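Reckoned from all heavy atoms, side chains included, excluding hydrogens, waters and symmetry mates. Whatever order the structure lists ligands and atoms in, that order sets their numbers, starting from 1. If you're wondering where the values come from, they're calculated on a predicted model, not measured in any experiment.
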Amino acid sequence: RSPAKRYERSESEVTFADVAGLANAKRDLQEIAGYLKDPEHYRKLGAKIPRGILLMGPPGTGKTLMAKALAGESDAPFFSISGSEFIEMFVGVGASRVRDMFAEAKKEAPAIIFIDEIDSVGRARGTGLGGGHDEREQTLNQILGEMDGFDPQEAVVVIAATNRPDVLDAALLRPGRFDRKITLDLPDRPARRDILSIHTKNVPLHGEVDLERLAALTAGFAGADLENLINEAALLAGRQNRTAVDMDCLLQARDKVVLGGEREVIMGE
Ligand code: ATP
């Protein structure tokens with residue numbers, strides 16, 4: 001009867017070992033993973049586990065990756081949906097998708113629900129440019145209603161991600177909703193080095209490659225930028241018929257990512 005059932009369900013293979021840096025976030029989520037692995041144990045202790053977690057941080061800092069790592073660590077199915085998909089929809093479709101997704105997750109509990117770009121439906125109400133906000137509001141109301149309606153026994157954890165926590169409707173942040181906030185910062189130099197190591201695991205590197213130096217030369221890069229840099233360097237090596245990626249390829253790729261980023265900034269906000 002429901003017109004739409006377009007959320008994703010997957011089993012995650014990602015673990016915390018695939019996430020570099022972000023020690024505080026990992027520690028917080030480790031606790032949730034412990035709960036999802038054995039909710040009964042926590043129930044007997046009368047412990048309440050946070051229901052809604054808000055992951056905040058600039059683009060590409062690993063919000064989706066972290067949510068997937070939590071699912072992988074907990075052996076829990078991962079249901080995901082993106083707030084931005086609701087904007088163009090007919091009124092009611094978003095709300096029914098949210099309803100279906102929560103129902104399915106409860107059936108499969110322990111489970112994780114991930115709502116990416118929550119700000120696109122969760123902007124403070126009444127601040128839009130006028131018109132066309134019914135769908136957004138209905139979807140938001142459905143999310144809030146689902147979270148309020150949780151049975152405390154149900155082991156479903158909802159994770160929402162945003163890079164615009166400043167625009168969120170205060171209703172989302174009330175106790176019992178997304179009341180646990182975790183910030184993912186841009187990686188510092190050691191974390192950048194670790195991210196570069198993770199993403200070069202399957203890339204043949206020339207002996208002279210110094211990832212420590214590359215980490216020092218990539219201040220301000222998010223994890224996604226570093227992943228992109230490695231891939232650009234591998235493509236460049238391929239075009240030049242090399243059998244390994246050398247420092248020269250990596251530095252050229254770095255410049256390319258920097259320029260690409262600047263273009264986005266100029267054309268963006
Ligand atoms: P957006 O806000 O753009 O949705 P995001 O914060 O959800 O971004 P992800 O999609 O999780 O970021 O990150 C993109 C990719 O960058 C990841 O799949 C991963 O390969 C890499 N990456 C980002 N952060 C890290 C990290 N801390 N460790 C390892 N890889 C990372």
Any His199 heavy atom less than 4.0 Å to ligand 1: yes

Close approach of Leu55 to ligand 1, heavy atoms, under 4.0 angstrom: no

Salt-bridge contact Glu212-Arg189 (side-chain N to carboxylate O under 4.0 Å):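 Salt bridge flag = yes for Arg189 with Glu212.
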
I'd like to check which ligand 1 atoms, numbered from 1 as shown, lie under 4.0 Å from a non-hydrogen atom of [X].
X: Asn163; answer: 2 (O)
X: Asp18; answer: 28 (N), 29 (C)
X: Leu22; answer: 27 (N)

For [atom], what is the nearest protein heavy atom, given as residue, atom name and distance?
atom: atom 1 (P) of ligand 1; value: Gly60 N, 3.6 Å
atom: atom 25 (C) of ligand 1; value: Leu65 CD2, 3.7 Å
atom: atom 2 (O) of ligand 1; value: Lys63 NZ, 2.9 Å

Ring geometry between Phe102 and Phe150 (parallel below 30°, tilted from 30 to 60°, perpendicular above 60°):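 Rings of Phe150 and Phe102: tilted, 30 to 60°.
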
Any residue meeting salt bridge (charged side-chain N to carboxylate O under 4.0 Å, His left out) with Glu40, in chain and number order, not counting sequence neighbours: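 Result, salt bridge (charged side-chain N to carboxylate O under 4.0 Å, His left out) vs Glu40: Arg43.
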
Glu154: partners by salt bridge (charged side-chain N to carboxylate O under 4.0 Å, His left out), with sequence neighbours left out: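 Result, salt bridge (charged side-chain N to carboxylate O under 4.0 Å, His left out) vs Glu154: none returned.
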
More than 12 heavy atoms from other groups under 6.0 Å of CZ on Arg9: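 Yes, the 6.0 Å shell around CZ holds more than 12 heavy atoms from other groups.
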
Among Leu250, Ile195, Val257, Leu229, side chain to side chain contact (heavy atoms under 4.5 Å, CB included) partner for Thr218: Leu229

